[in-house]
Amino acid sequence: MTLIEYYLRDLQQIADGSRLPPEGIALTEDEPMRRAAQLQEQIQAMGIAEFVRRCATQDGEVLEQSIYDEFKPEDLMATLNALTSQASEQDEEPEDAPPKIDEPDGPRNAYEVLLDCCCLDEKLLYYLIDVLKRNAEEEFQKLALVTARKAFTQHDFLYWFATLQDRSTQEELICVTIMDACLDRLASEGQTELIAALISGDQTTFELFRCEAPELQHLPDATFEWFENNYLAKLYPIRYMLKFNGIKFPTEVTP
């Protein structure tokens, strides 16, 4: 295995809860998206190579020095493509039965696992966005195989993402509807920096915005806690990021 393969394996195991974080990484968040962001920030601070070294130490292993010497950060995407090609060959399906999933795998379904893994590394998140923008179906399914160990179509993934609020509480539905409308208005006004600050969860920005936004001024329940619990703590910021990048969401399930 290459260092990047160790890296992706360890990331996934921490994301799905089958591995504890190694020494030097302290995760205090319980919500998956916030936990992933917290992990990503700490890995970036110590470096991928050091992260893998600490995970190996945690397992009682000492990896060969050549694995570290051969590592180049720019090889991340190349290694991912190699891994996905291998996974695609191993999980090959008949041409008349395209790979897909329809039902969740449990508390955290395969779609969420894909998003969690991509959010752990900024390059992977941008790669996901690029794949979806190009409608590169084969590349998307390879990415799904590597991150979620499941194969599913872009259409099914985006339809599930588009209908998140349909499976939410009434309070969450109200929050998502209002905040998406606010963000759409800001996008039409070209206020990209304000959008970025809001979906990143900056409390001061939200509280200042709330005092000026006509959608929120007369809504007493629209506190930062309301925004945090019903929008930020879910997958809606990532969904809006995809929408902002011009990715279209289907309105119907696969025929």
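If you read the sequence from its start, that first residue is 1, and numbering goes on from there.
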[Y] reachable from [X] in the ILVMFWY side-chain graph, under 4.5 Å edges:
| X | Y | result |
| --- | --- | --- |
| L173 | L232 | no |
| I43 | L27 | yes |
| M46 | Y7 | yes |

**Request:** Decide whether Q165 and Y236 meet the rule of one side-chain donor and one side-chain acceptor closer than 3.5 Å.
**Result:** no

Mind checking the [atom1]-[atom2] spacing from [X] to [Y]? Nearest 0.5 Å is all I need.
| X | Y | atom1 | atom2 | result |
| --- | --- | --- | --- | --- |
| I238 | L164 | CD1 | CG | 11.5 Å |
| K123 | L125 | NZ | CG | 13.5 Å |
| D180 | C175 | CG | SG | 9.0 Å |
| T205 | I195 | OG1 | CD1 | 12.5 Å |
| L198 | L186 | CG | CG | 6.5 Å |
| M241 | L235 | CE | CG | 11.5 Å |

[X] and [Y]: which non-hydrogen atoms are nearest, and at how many Å?
| X | Y | value |
| --- | --- | --- |
| I14 | P22 | CD1-CD, 4.0 Å |
| F244 | A187 | CE1-CB, 4.1 Å |
| E215 | A181 | OE2-O, 4.4 Å |
| P250 | H155 | CB-NE2, 3.5 Å |
| F152 | A144 | CZ-CB, 3.7 Å |

**Prompt:** Can you list the steps and then say if L114 with F140 is a side chain to side chain contact (heavy atoms under 4.5 Å, CB included)?
**Reply:** CA-CA 10 Å; L114 182 150; F140 175 81; 4.2 Å; yes

**Prompt:** Out of E137, E139, E138, which residue meets the side chain to side chain donor-acceptor pair (under 3.5 Å) rule with Q141?
**Reply:** E137

I'd like to know whether [atom1] of [X] has more than 12 heavy-atom contacts from other residues, nucleotides or ligands below 6.0 angstrom.
| X | atom1 | result |
| --- | --- | --- |
| E225 | CD | no |
| Y126 | OH | no |
| E189 | CD | yes |

**Request:** Apply salt bridge (Lys or Arg N to Asp or Glu O under 4.0 Å) to E171 and list each qualifying residue two or more places apart in sequence or on a separate chain.
**Result:** none

Less than 4.5 Å apart, side chain to side chain, heavy atoms only: is that true for [X] and [Y]?
| X | Y | answer |
| --- | --- | --- |
| L216 | C182 | yes |
| R239 | F249 | yes |
| K243 | D184 | yes |
| E70 | T2 | no |
| K248 | L158 | no |
| Y231 | L183 | yes |

**Message:** Below 30° counts as parallel, above 60° as perpendicular, anything between as tilted: where do the rings of F206 and F227 land?
**Reply:** parallel

**Asked** What's the verdict on side chain to side chain contact (heavy atoms under 4.5 Å, CB included) for L132 and Q154, showing C-alpha distance, side-chain angles and the deciding distance?
**Response** CA-CA 7 Å; L132 292 172; Q154 290 182 80; 3.3 Å; yes

**Message:** Has Q217 got a side-chain atom pairing as donor or acceptor with R210's backbone, closer than 3.5 angstrom?
**Reply:** no

Indicate every side-chain donor-acceptor pair of residues 53-60 with a distance under 3.5 Å to a residue at least two apart or in another chain.
from	atom 1	to	atom 2	distance (Å)
R54	NE	E50	OE2	2.8
R54	NH1	E23	O	3.1
T57	OG1	R53	O	3.0
Q58	OE1	R19	NH1	2.4
Q58	NE2	L20	O	2.9
Q58	NE2	P21	O	3.3
D59	OD1	R19	NH1	3.4
D59	OD1	R19	NH2	3.3
D59	OD2	R19	NH2	2.6

**Prompt:** Checking ring-ring contact (aromatic ring centres under 6.0 Å, His included) for the pair F161/Y111: CA distance, chi angles, key distance, verdict?
**Reply:** CA-CA 8 Å; F161 217 173; Y111 303 127; 9.1 Å; no

**Request:** Before giving the answer on side chain to side chain contact (heavy atoms under 4.5 Å, CB included), spell out for E112 and L115 the whole-Å C-alpha distance, their side-chain angles and the decisive distance to 0.1 Å.
**Result:** CA-CA 5 Å; E112 292 174 296; L115 288 168; 5.7 Å; no

**Message:** Using side chain to side chain donor-acceptor pair (under 3.5 Å), reason through T163 and D166 one step at a time and then give a plain yes or no.
**Reply:** CA-CA 5 Å; T163 57; D166 295 348; 4.7 Å; no

